Enquirer: 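Here you go, one structure.
Remember, predicted model here, so these are calculated numbers, not experimental data. Only this structure's heavy atoms are used, side chains among them; waters, hydrogens and symmetry mates stay out. Below, chains carry the letters A, B, ... as their sequence lines are ordered, and counting in each starts from 1.
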Protein chains: 2
Amino acid sequence: MEEIDRAIVAALTVDGRLSYTDLAEKVGLSVSAVHQRVRRLEQRGVVKGYAARVSFESLDLPLTAFVAIRPFDPSQPDDAPERLAHLPEIDSCYSVAGEDFYLLLVRVAGPADLERVLQEIRTSANVTTRTTVVLSTPYEHRPPKVAQPADQLRQRGVPAESPGS
Amino acid sequence: MEEIDRAIVAALTVDGRLSYTDLAEKVGLSVSAVHQRVRRLEQRGVVKGYAARVSFESLDLPLTAFVAIRPFDPSQPDDAPERLAHLPEIDSCYSVAGEDFYLLLVRVAGPADLERVLQEIRTSANVTTRTTVVLSTPYEHRPPKVAQPADQLRQRGVPAESPGS
DNA sequence: CGTGAAAATTCTTAATG
DNA sequence: CATTAAGAATTTTCACG
């Protein structure tokens with residue numbers, strides 16, 4: 001992927017509601033050009049969507065935990081992800097190398113809720129669980145490094161003046 | 001938090017770029033009322049921001065791994081998160097209960113890059129690492145369950161007709 | 001707090017080089 | 001592909017209940 005596209009993606013990762021006007025200024029293109037590029041990035045699947053970042057504490061989900069799971073009977077078909085998908089407390093499901101089969105990220109209201117969810121995980125997927133409770137989150141979902149800060153592109157052949165109508 | 005706010009948050013979690021027009025229709029309020037509520041949710045910190053959801057494969061970061069870290073010398077002050085913050089490959093940092101001190105989520109270009117990042121983690125924070133490679137991600141960042149589907153609010157005292165201008 | 005409407009921006013498309 | 005221009009839609013603010 002090329003430089004300007006990376007800058008666009010970087011900017012949208014930091015602020016997914018940036019207007020095309022601001023985006024255009026950041027990357028040094030016209031509004032239409034940026035709009036076209038964003039549309040192409042979206043339909044190519046580079047940008048998969050937009051989401052509000054919310055405080056889970058405010059949503060009464062203050063307890064986060066990682067749950068490593070392992071099938072009780074390794075000879076049976078492994079369809080744990082589908083069988084667990086109905087549990088809304090599961091934020092993410094990663095298939096991993098190592099001793100465990102999957103690593104789940106779950107968010108719940110508290111210890112009692114965690115206990116209930118663990119039981120549901122075990123019975124739904126016929127697995128054993130090993131749980132690691134999160135005590136705090138110094139940082140999460142940081143924007144990936146995608147080329148340079150995207151600010152140095154602005155001064156590359158484009159006058160900062162707006163022509164006006 | 002009350003019912004309508006939860007519905008708003010739920011909708012924005014699924015689509016962070018929903019227009020206030022659509023949002024207003026979903027929760028059965030006027031555009032202005034919804035706009036006010038979103039602003040309050042933002043400044044109360046319930047909505048912390050908006051971000052584009054991107055494909056890490058497209059960004060040349062196809063390899064994800066969890067890195068559990070433990071201080072080499074537990075008697076020294078534990079400031080690993082700050083000392084690791086400069087590494088852009090670290091997506092998230094969780095302080096955890098259990099045998100390890102922190103669990104890091106890292107995204108890199110490949111095995112060689114992972115090796116480099118692990119070395120940087122060890123030397124930057126004076127820790128030992130135990131790494132779990134992610135093979136695939138069945139699902140990630142699913143929207144949390146926040147009250148009912150937010151569709152049943154619409155038909156609660158509000159005619160679906162648009163009054164027009 | 002909610003509503004309705006008006007003004008300022010922005011989004012979106014189309015024509016053009 | 002990028003640019004400019006123009007109509008449609010949205011965001012944002014305001015006065016009022």
Enquirer: Base of C/dG4, side chain of B/Ser32 - is there a donor-acceptor contact under 3.5 Å?
Expert: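 Counting by modelled atom types and ignoring angles, a donor-acceptor contact under 3.5 Å is found here.
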
Enquirer: Would you mind reading off the distance between B/Ile4 atom CD1 and C/dG2 atom P, rounded to a whole angstrom?
Expert: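 After rounding, the gap between these two atoms is 7 Å.
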
Enquirer: Going by an N to O cut-off under 4.0 Å, is there a salt bridge joining B/Arg6 and A/Asp60?
Expert: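 Yes, this pair counts.
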
Enquirer: With sugar-phosphate meaning primed atoms plus P, OP1 and OP2, does B/Ser19 contact a base, only sugar-phosphate, or nothing at under 4.0 Å between heavy atoms?
Expert: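 The answer is sugar-phosphate, as B/Ser19 gets under 4.0 Å only of primed atoms, P, OP1 or OP2.
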
Enquirer: Taking atom C1' of C/dC11 as reference, at what distance in whole Å does atom CG of A/Asp22 sit?
Expert: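 Checked: the CG to C1' distance equals 13 Å.
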
Enquirer: Among the candidates C/dT12, D/dT12, C/dG2, find the nucleotide nearest to the side-chain atoms of B/Ala33.
Expert: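 Out of C/dT12, D/dT12, C/dG2, the nucleotide with an atom closest to B/Ala33's side chain is C/dG2.
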
Enquirer: Where each residue is assigned the nucleotide of DNA chain D containing its nearest heavy atom, which of A/Arg40 and A/Val31 is assigned the position nearer the 5′ end?
Expert: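 Closer to the 5' end of DNA chain D: A/Arg40.
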
Enquirer: Of the nucleotides D/dC1, C/dT3, D/dT13, which has the atom closest to the A/Arg37 side chain?
Expert: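 Given the options D/dC1, C/dT3, D/dT13, the side chain of A/Arg37 is closest to D/dC1.
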
Enquirer: Can we say A/Asp15 and A/Lys26 salt-bridge, meaning some charged N sits less than 4.0 Å from an Asp/Glu carboxylate O?
Expert: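 Looking at A/Asp15 and A/Lys26, the cut-off is not met.
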
Enquirer: Reckon A/Arg39 has a side-chain N or O less than 4.0 Å from the OP1 or OP2 of D/dC1?
Expert: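 No, no such contact exists.
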
Enquirer: Please compare A/Gln36 and A/Tyr20 by the position of their nearest nucleotide in DNA chain C and report the one closer to 5'.
Expert: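 Result: A/Tyr20.
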
Enquirer: Can you find a donor-acceptor pair, distance only, under 3.5 Å between B/Thr21 side chain and D/dT11 base?
Expert: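 Check fails, no donor-acceptor contact within cut-off.
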
Enquirer: What I want to find out is whether B/Arg37 reaches B/Glu3 closely enough, with some N-O distance under 4.0 Å, to be called a salt bridge.
Expert: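 Salt bridge flag = no for B/Glu3 with B/Arg37.
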
Enquirer: For a quick check of understanding: with a heavy-atom distance under 4.0 Å over all strands, which category does A/Arg17 fall into, base, sugar-phosphate or nothing?
Expert: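 Here A/Arg17 touches no strand at all.
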
Enquirer: From C/dG2, D/dT4, D/dT13, pick the nucleotide closest to the side chain of B/Leu29?
Expert: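 When the side chain of B/Leu29 is considered, C/dG2 is the closest of C/dG2, D/dT4, D/dT13.
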
Enquirer: Rounding to a whole Å, what distance do you find between B/Leu18:CG and D/dA9:P?
Expert: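 Between P of D/dA9 and CG of B/Leu18: 17 Å.
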
Enquirer: Assess whether side-chain hydrogen bond (donor to acceptor under 3.5 Å, both in side chains) is satisfied between B/Asp91 and A/Tyr139, documenting all intermediate values.
Expert: CA-CA 8 Å; B/Asp91 177 285; A/Tyr139 36 86; over 6 Å; no

Enquirer: When you check the gap from the basic side-chain N to the acidic O, do A/Arg130 and A/Glu99 get nearer than 4.0 Å?
Expert: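 Salt bridge absent between A/Arg130 and A/Glu99.
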
Enquirer: Take the protein atom CG of B/Asp5 and the nucleotide atom C1' of C/dG2, then report the distance between them rounded to whole Å.
Expert: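 From B/Asp5 CG to C/dG2 C1': 14 Å.
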
Enquirer: Whole-Å distance between C/dT3 P and B/Glu25 CD?
Expert: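 Rounded to whole Å, this separation is 14 Å.
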
Enquirer: I need the NE2-P distance between A/His35 and D/dA8, as an integer number of Å.
Expert: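 About 17 Å, once rounded to whole Å.
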
